[in-house]
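Everything on this sheet refers to the single structure shown next.
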Amino acid sequence: MAATPANCRNYPPDNYSSLTFPSLCWPPQDPYCALYTIWDSWRYTLFWTLILYALFHMGATGIALSMQIGQPRSVWKYLMAVPVIYALVAGAEALFTGSIVGLVLGAVYISGCYGMPTWIPFIWGWINVLILIVSSFTIQGGL
């Protein structure tokens, strides 16, 4: 776990306790609704990335399976593996991406002695999904 910088006073606040997931609250209205540890920032970012990756991969699975309507019954017994494979791929991608981004976010906020609003991991989960979508297209020059 990263050490709190020496010049941070009262970081985290004395009455800080880890928030329950998802706890999406607005910091101006609730100043104690922030993440102060790398563990919390990693956990929130990982959970949001897992949730959003699962939603988008299951949507792609639904589209892939709906394209096969009208195919012979023999094809469908192999197509039932598609949701399982997509779920495994989504989980592996989200675990890697959410962990890296969550740890970097936590380190940046701790080094600046800031509390991270709970919306930041949620937004970065969406950024991770959007990068995945953009990078799935063939672009001249690539990403």
Side-chain angles (χ1 to χ4, degrees), residues 1-71 75-143:
M1 184 163 197
T4 304
N7 61 348
C8 293
R9 292 194 172 90
N10 197 22
Y11 184 88
D14 296 330
N15 57 353
Y16 175 71
S17 62
S18 293
L19 303 170
T20 57
F21 184 80
S23 294
L24 287 176
C25 52
W26 195 242
Q29 294 173 349
D30 187 4
Y32 297 107
C33 187
L35 307 173
Y36 288 96
T37 64
I38 284 189
W39 163 254
D40 288 339
S41 64
W42 171 78
R43 183 173 53 109
Y44 269 66
T45 308
L46 178 65
F47 286 170
W48 280 120
T49 305
L50 279 167
I51 290 167
L52 294 171
Y53 269 49
L55 287 173
F56 275 79
H57 277 77
M58 289 303 108
T61 300
I63 292 170
L65 291 177
S66 67
M67 299 295 283
Q68 301 302 319
I69 293 176
Q71 295 293 327
V75 173
W76 279 91
K77 66 181 175 181
Y78 299 111
L79 288 176
M80 290 302 117
V82 171
V84 174
I85 293 169
Y86 271 48
L88 291 173
V89 168
E93 290 173 342
L95 180 67
F96 180 74
T97 308
S99 291
I100 299 296
V101 171
L103 292 172
V104 169
L105 279 174
V108 166
Y109 272 83
I110 284 177
S111 68
C113 303
Y114 293 115
M116 180 190 303
T118 54
W119 284 89
I120 299 298
F122 175 71
I123 291 169
W124 272 97
W126 278 103
I127 291 170
N128 291 336
V129 167
L130 293 175
I131 288 172
L132 178 72
I133 291 170
V134 167
S135 65
S136 68
F137 294 106
T138 305
I139 301 173
Q140 188 68 19
L143 254 179

On a heavy-atom basis, which atom in [X] and which in [Y] lie closest, and how many Å separate them?
{"X": "G106", "Y": "I38", "value": "C-CG1, 3.8 Å"}
{"X": "L35", "Y": "S41", "value": "CD1-CA, 4.1 Å"}
{"X": "Y109", "Y": "P117", "value": "CE2-CD, 4.1 Å"}
{"X": "W42", "Y": "S99", "value": "NE1-OG, 3.1 Å"}

Say you draw a straight line from [atom1] of [X] to [atom2] of [Y]; how long is it, rounded to the nearest 0.5 Å?
{"X": "T45", "Y": "I100", "atom1": "OG1", "atom2": "CD1", "value": "11.5 Å"}
{"X": "D40", "Y": "M116", "atom1": "CG", "atom2": "CE", "value": "9.5 Å"}
{"X": "I127", "Y": "I120", "atom1": "CD1", "atom2": "CD1", "value": "8.5 Å"}
{"X": "L130", "Y": "I123", "atom1": "CG", "atom2": "CD1", "value": "11.5 Å"}
{"X": "I110", "Y": "L105", "atom1": "CD1", "atom2": "CG", "value": "11.0 Å"}

Review point. Any chance the side chains of N128 and T49 put a donor and an acceptor closer than 3.5 Å?
Key: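 Yes, T49 and N128 have a side-chain donor paired with an acceptor closer than 3.5 Å.
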Check your understanding: Do H57 and L132 have side chains that get closer than 4.5 Å, going by heavy atoms?
Key ->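 SC-SC contact between H57 and L132 confirmed.
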Review point. Are side-chain heavy atoms of P83 and L65 found at a separation under 4.5 Å?
Key: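 The answer is yes; the side chains approach within 4.5 Å.
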Practice item. Check whether more than 12 heavy atoms from other residues, nucleotides or ligands sit under 6.0 Å from atom CE of M67, and answer yes or no. Key: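 Atom CE in M67 is not crowded, with 12 or fewer foreign heavy atoms closer than 6.0 Å.
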Practice item. Kindly assign one of parallel, tilted or perpendicular to the pair F122 and W126, based on the angle between their ring planes and the thresholds 30° and 60°. Key: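 Aromatic pair F122/W126 classed perpendicular.
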